[in-house]
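Just the heavy atoms: all of them, side chains too, but no hydrogens, waters or symmetry mates, feed the values below.
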Amino acid sequence: MGDELSSCVLTMRSSSPSQKRPDSEASKSESSFTADYSKWRQSYPSALESFRAVVGAQISNLEIFLDYDGTLTDIVPDPERAILSPETQDALERVSRHFPTSIVTGRSLEKIHRFVPLDGLKFAGSHGMDLELPGAPEKLKKIPPMIAQVERTLNEKLKTIEGKKLENNKFSLSIHYRHVKEDMYKDIASCVLAIVRDYPELKIAHGRKVLEVRPKFEWNKGSAVEFMRGKKSIPVFIGDDVTDEDAFKSFNRMKLGYGIVVSTYAKKTDAQFSLQNPREVREFLSELVLWKEEEDQ
């Protein structure tokens, strides 16, 4: 367990780079960091500037998929305060009138419906495992009771650690440690690893200042998009998190679709385009509406 624990703690410490620059770049000058990012953007050009030229006449066949946290809203200290702005809500409502639009998030369906009170959208929670559509794999059904049991055990084991927050997403459990002192990371990692070891069907994944307990079997955001999308549509996925890479990889495997990563720093990705932040995501959604209206004239 020693190597596994050390690796887990190291990943926890390096997760969620700052909005200005990643931790590994902290010693570089601002000009050097800007140069690295500019070079990265040559490989992953802005969707606002390049997307329409690449997609062309295919725009009428697009189907839009979006992550929530970090994509439609900024990452905030308290996950319960990641509220959709009125402007972004309006952009979502307008884009959904022109394109099939879905939100695929790590949150539960119940929570994402509360954050996005719009008709006309489809939703998938728990990284694509919590689905509203019929026909989801049978193996998903046994996961929620396991997650509930892990949550009860972790609540008891971690009750003395200040700042942690557990979020039951039905098919996954999020252990947020954004407000936990770094010298307590080892205690959290050790406890989570020990408990998950008793559940062969579960594994640990990392997000931005969050540990995720989730099923081992291969069902992720990419699987969800393949399951949800229209058979003749061209999917577009916009997301900022490592879990969104599964959708980008799915597109590359299918040789169909466009991935757009949301990031203010250079990082490894399987996306084709980039946007910097939720404000640019909102602008891009608005541009899609304008492009579609022009095509329809």
For this output row, return yes or no: ring centroids of [X] and [Y] closer than 6.0 angstrom.
X	Y	result
Y265	Y37	no
Y177	Y185	yes
F273	Y44	no

Handout entry: Verdict with supporting geometry, L131 and F171, side-chain contact (heavy atoms from CB on, under 4.5 Å)
Key = CA-CA 10 Å; L131 293 158; F171 289 87; over 6 Å; no

Could you check whether [X] pairs with [Y] (Lys NZ or Arg NE/NH1/NH2 to Asp/Glu carboxylate O, under 4.0 Å)?
X	Y	value
R282	E87	no
E80	R114	yes
E63	K231	no
R152	E156	no
E167	R107	yes
R253	E226	yes

Checking [X] side chain against [Y] main chain: does a donor-acceptor pair fall under 3.5 Å?
X	Y	answer
S46	L48	yes
H179	P77	yes
T101	F99	yes
S96	E93	yes
D241	T243	yes
N252	D270	yes
K164	L158	yes
K122	M228	yes
Q272	G259	yes
D69	I75	no

Result for salt bridge (charged side-chain N to carboxylate O under 4.0 Å, His left out) between K221 and one of D130, D67, D246 points to D67

### Message
Evaluate R97 against E293 for salt bridge (Lys or Arg N to Asp or Glu O under 4.0 Å), listing each step before the verdict.
### Response
CA-CA 11 Å; R97 281 192 253 127; E293 289 176 345; over 6 Å; no

In the structure I gave you, are the side-chain heavy atoms of [X] and [Y] within less than 4.5 Å of one another anywhere?
X	Y	result
S274	I260	no
W291	L288	yes
N220	R214	yes
E132	L109	yes
E201	K216	no
V116	L92	yes
T153	Q149	yes
D244	F237	yes

Show, in sequence, the C-alpha distance, side-chain angles and deciding distance for S190 and D187, and conclude whether the side chain to side chain donor-acceptor pair (under 3.5 Å) test is met. CA-CA 5 Å; S190 177; D187 290 350; over 6 Å; no

Nearest heavy-atom neighbours spanning [X] and [Y]:
X	Y	result
I83	Y68	C-OH, 3.8 Å
C8	L193	CB-CD1, 4.3 Å
P79	K165	CD-CD, 4.2 Å
S233	L256	O-CD2, 4.0 Å
A47	L275	CB-CD2, 3.9 Å
V213	I147	O-CD1, 3.7 Å

Side chains of D240 and T71: do they bring a donor and an acceptor to under 3.5 Å? yes

*Could you walk me through whether S263 and Q276 pass side chain to side chain donor-acceptor pair (under 3.5 Å), step by step?*
CA-CA 5 Å; S263 181; Q276 293 194 63; over 6 Å; no

Decide whether [X] and [Y] are clustered together by the hydrophobic rule: side chain heavy atoms of Ile, Leu, Val, Met, Phe, Trp, Tyr closer than 4.5 Å, transitively.
X	Y	answer
L72	I112	yes
F65	V54	yes
V55	M254	yes
V196	L10	no
L173	V242	no

TODO: Would you check, one step at a time, whether the test salt bridge (Lys or Arg N to Asp or Glu O under 4.0 Å) holds for E110 with K170?
DONE: CA-CA 9 Å; E110 178 185 359; K170 189 176 179 182; over 6 Å; no

Test side-chain contact (heavy atoms from CB on, under 4.5 Å) on T73 and T88; report intermediate values, then the result. CA-CA 8 Å; T73 69; T88 300; over 6 Å; no

*Between L84 and F115, does a side-chain contact (heavy atoms from CB on, under 4.5 Å) hold up when you go through it step by step?*
CA-CA 7 Å; L84 203 62; F115 280 118; 5.8 Å; no

Q) Would N168 and S108 satisfy side chain to side chain donor-acceptor pair (under 3.5 Å), going step by step from the backbone distance to the final call? A) CA-CA 8 Å; N168 187 330; S108 68; over 6 Å; no

task: Please test W219 against I143 for side-chain contact (heavy atoms from CB on, under 4.5 Å), starting from the C-alpha separation and ending with a verdict.
output: CA-CA 12 Å; W219 186 272; I143 298 303; over 6 Å; no

Over 12 non-hydrogen atoms of neighbours within 6.0 angstrom of [atom1] in [X]:
X	atom1	result
K186	NZ	no
E162	CD	no
K157	NZ	no

| request: Could you walk me through whether E295 and H98 pass side chain to side chain donor-acceptor pair (under 3.5 Å), step by step? | output: CA-CA 11 Å; E295 288 289 324; H98 292 80; over 6 Å; no

If you round to the nearest 0.5 Å, how far is [atom2] of [Y] from [atom1] of [X]?
X	Y	atom1	atom2	value
L62	R229	CG	CZ	12.0 Å
I59	K292	CD1	NZ	8.0 Å
Y199	M146	OH	CE	8.5 Å

